[in-house]
Amino acid sequence: MVTEYFTVNEKNIDSEETAEFLAHCKEIIGEGGLVVFPTETVYGLGADALNGEAVKKIFTAKGRPADNPLIVHIADVKKADDVSSMTETERERFNKLAKAFWPGPLTMIVTKNESVPDAVTCGLGTVGIRLPENKYARKFIEAVGTPIAAPSANTSGKPSPTLASHVKEDMDGKVNAIIDGGACRVGLESTVIDLTGEVPCILRPGGVTLEMVKKILPEATQLAWKKEEQPKEDIEKPKSPGLKYKHYAPNAKVVILQGDSDTVAKRIAWALENARLRNAKAAAMITDEQKKYFSKEDNIVCMGKADDGETQAAKLFATLRDFDDCGITEVYATAMKEDGVGYAVMNRLYRAAGCLMVPCKKILFVCTGNTCRSFMAEYILKGLIEKRMAAGEIEACATEVSSAGVYAEDGGWPTENAVDVLKDIYEIDGSQHRATKVTAEILDKADLILTMTAGHKRVLLGFFPEYADKVFTLAEKACGGDVEDPFAGSYKTYVDSAMHIEEMIVKAGL
Ligand code: TXA
Ligand code: MG
């Protein structure tokens, strides 16, 4: 199939040429064909919603699973009656929300009527309806004169298209026509709200947020989407079929780092540096505020200010697609603020990352002088982290490691045997290490403090009892024994000590 392209803009929207092309679209849709059109959320892949055979073609073009229903798009609120058969409660909720948010990025799920083929709803008794705000979308729907079933115009599983060039990548040769209306304003798919249940429930967050809906329908709720927050039955049998599929995923492995903005930025900067040493193609998605932590060589995309969900939303999918185009294999993303539209941004990012969201943590090893045991522990764990990163476990970058000694002399050199053992056995250069004395400030910054022996723990808590809840012996975490002091011992004593530390670090799952 040869795909036709047409560009609409402010200048030609009311021109004869556009009217002619839209009349042509009416023919295509009337004959059961497919037309891609711009909306304010993302591009939609449209077919006649009342023609089951035409709708089936959408599933083929996208490679979409057969049990994931489509949204029906209309250009006039009254047309909702052509595809629905609402109960009184649904009608009341529908009217209120339509008045507040239509035209706009909100899809309402209500009881369907018999004119909607099973191909649209995948056999469900409900239908999702949306009246887009985008002028070109409405002009197209009006021109073709029938409700339009349309999912996002991407290949299933890929990020939704927010530019016609994205659509071309995925749909060229698979659809009859593509209408290019420029960049999509919102950049994330519509909020999907189910009005058929006991209380209205947002199934997919989007540009219309729960706070906004609650102003109209105070009883409204939303589905949890983070794995750890979801009830088990929702994971097994999601309320919206679309929720169970892999989504928005670029080819790269994506990890989201959580924590305070500065810590996250520093860990990401380190991860990029580490990737460079491995010759891996890595990139980062950060906020404007984090930019100061990065250098010119770093491949970063600033997604907007931390509290600017709108800008982040508009950039998200295009950024993920760009990463693919550049052959990026590792993406490090900062967690965004989950309020307003930022909540929907995080929902999409979370799914792009395959639910891989990890908190940044700081581990501090403590011994007496910070010249042997805690020093070796720090470098051994750092080495293990680098190995895990090289093996593709890029989430390991979230752990920052340091060490200090209760009676350390600041700036003191590490013992020669310890440096040699690190070099000989682990191929790690620890020669630049200098001892650090434990201070309240250092302890304060750590999330987990691990001492080499029970004695160290006792002494440390004697000085700083307020940190009791995060101080453990390495043995406690690894179900092992104290790491004996190799100081003044032979090279072999140091080897044994290092091996013991490594074994415990692995056992403790650090
Ligand atoms: O912004 C949007 O909504 C875009 C533009 C093109 O309008 N469309 C879009 O469609 O994102 P799609 O197919 O990619 O996502 C539709 C979502 C899916 O998660 C689907 O499972 C859900 O809406 N959905 C549709 N009908 C439903 C129904 N009757 N019950 C439950 N979920 C439904
Ligand atoms: Mg989609």
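Counting begins at 1 with the first residue of the sequence. Values below: every heavy atom of this structure, side chains too, minus hydrogens, waters and symmetry copies. All ligand and atom numbering here is 1-based and tracks the order in the structure.
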Between the candidates Cys184, Ser152, Ser156, which shows the shortest non-hydrogen contact distance to atom 14 (O) of ligand 1?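 Closest candidate by heavy-atom distance is Ser152.
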Looking only at distances, can you tell me whether any N or O atom of [X], backbone or side chain, sits closer than 3.5 Å to an N or O atom of ligand 1?
| X | result |
| --- | --- |
| Tyr43 | no |
| Lys62 | no |
| Thr39 | no |

Are the side chain of [X] and the backbone of [Y] linked by a donor-acceptor contact shorter than 3.5 Å?
| X | Y | result |
| --- | --- | --- |
| Thr3 | Val175 | yes |
| Arg64 | Ser156 | no |
| Asn9 | Asn12 | yes |
| Glu90 | Val110 | no |

4.5 Å side-chain heavy-atom contact, Phe140 and Asn134: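 No, every pair of side-chain atoms sits at 4.5 Å or beyond.
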Close side-chain approach of Cys397 and Leu257, heavy atoms under 4.5 Å: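 A side-chain contact under 4.5 Å exists here.
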Close-contact set for ligand 1 against [X] heavy atoms, below 4.0 Å:
| X | answer |
| --- | --- |
| Gly44 | 6 (C) |
| Thr126 | 28 (C), 29 (N), 30 (N) |
| Leu124 | 28 (C), 29 (N), 30 (N) |
| His73 | 5 (C), 6 (C), 7 (O) |
| Asn68 | 18 (C), 20 (C), 21 (O) |
| Arg64 | 12 (P), 13 (O), 14 (O) |

Close approach, Thr121 and ligand 1, non-hydrogen under 4.0 angstrom: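 For ligand 1, residue contact (heavy atoms, under 4.0 Å) with Thr121 is absent.
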Looking at ligand 1, is there an atom of it that comes within less than 4.0 Å of some heavy atom belonging to Lys112?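 Checking ligand 1 against Lys112, which is what was asked, there is no heavy-atom contact under 4.0 Å.
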Ignoring hydrogens, what is the shortest heavy-atom contact between Ala269 and Tyr293? Give both atom names and the distance.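 Heavy atoms of Ala269 and Tyr293 come nearest at CB-O, 3.7 Å.
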Between CE of Met389 and NZ of Lys387, what distance do you get to the nearest 0.5 Å?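 Reported to 0.5 Å precision, the distance equals 14.5 Å.
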Of the backbone and side-chain N, O or S atoms of Ser160, does one lie nearer to the Mg ion (ligand 2) than 2.8 Å?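 For Ser160, the answer is no, given that no N, O or S atom comes within less than 2.8 Å of the Mg ion (ligand 2).
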Over 60° means perpendicular and under 30° means parallel, so tell me whether Phe6 and Phe21 are parallel, tilted or perpendicular.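 Plane angle under 30°, so parallel.
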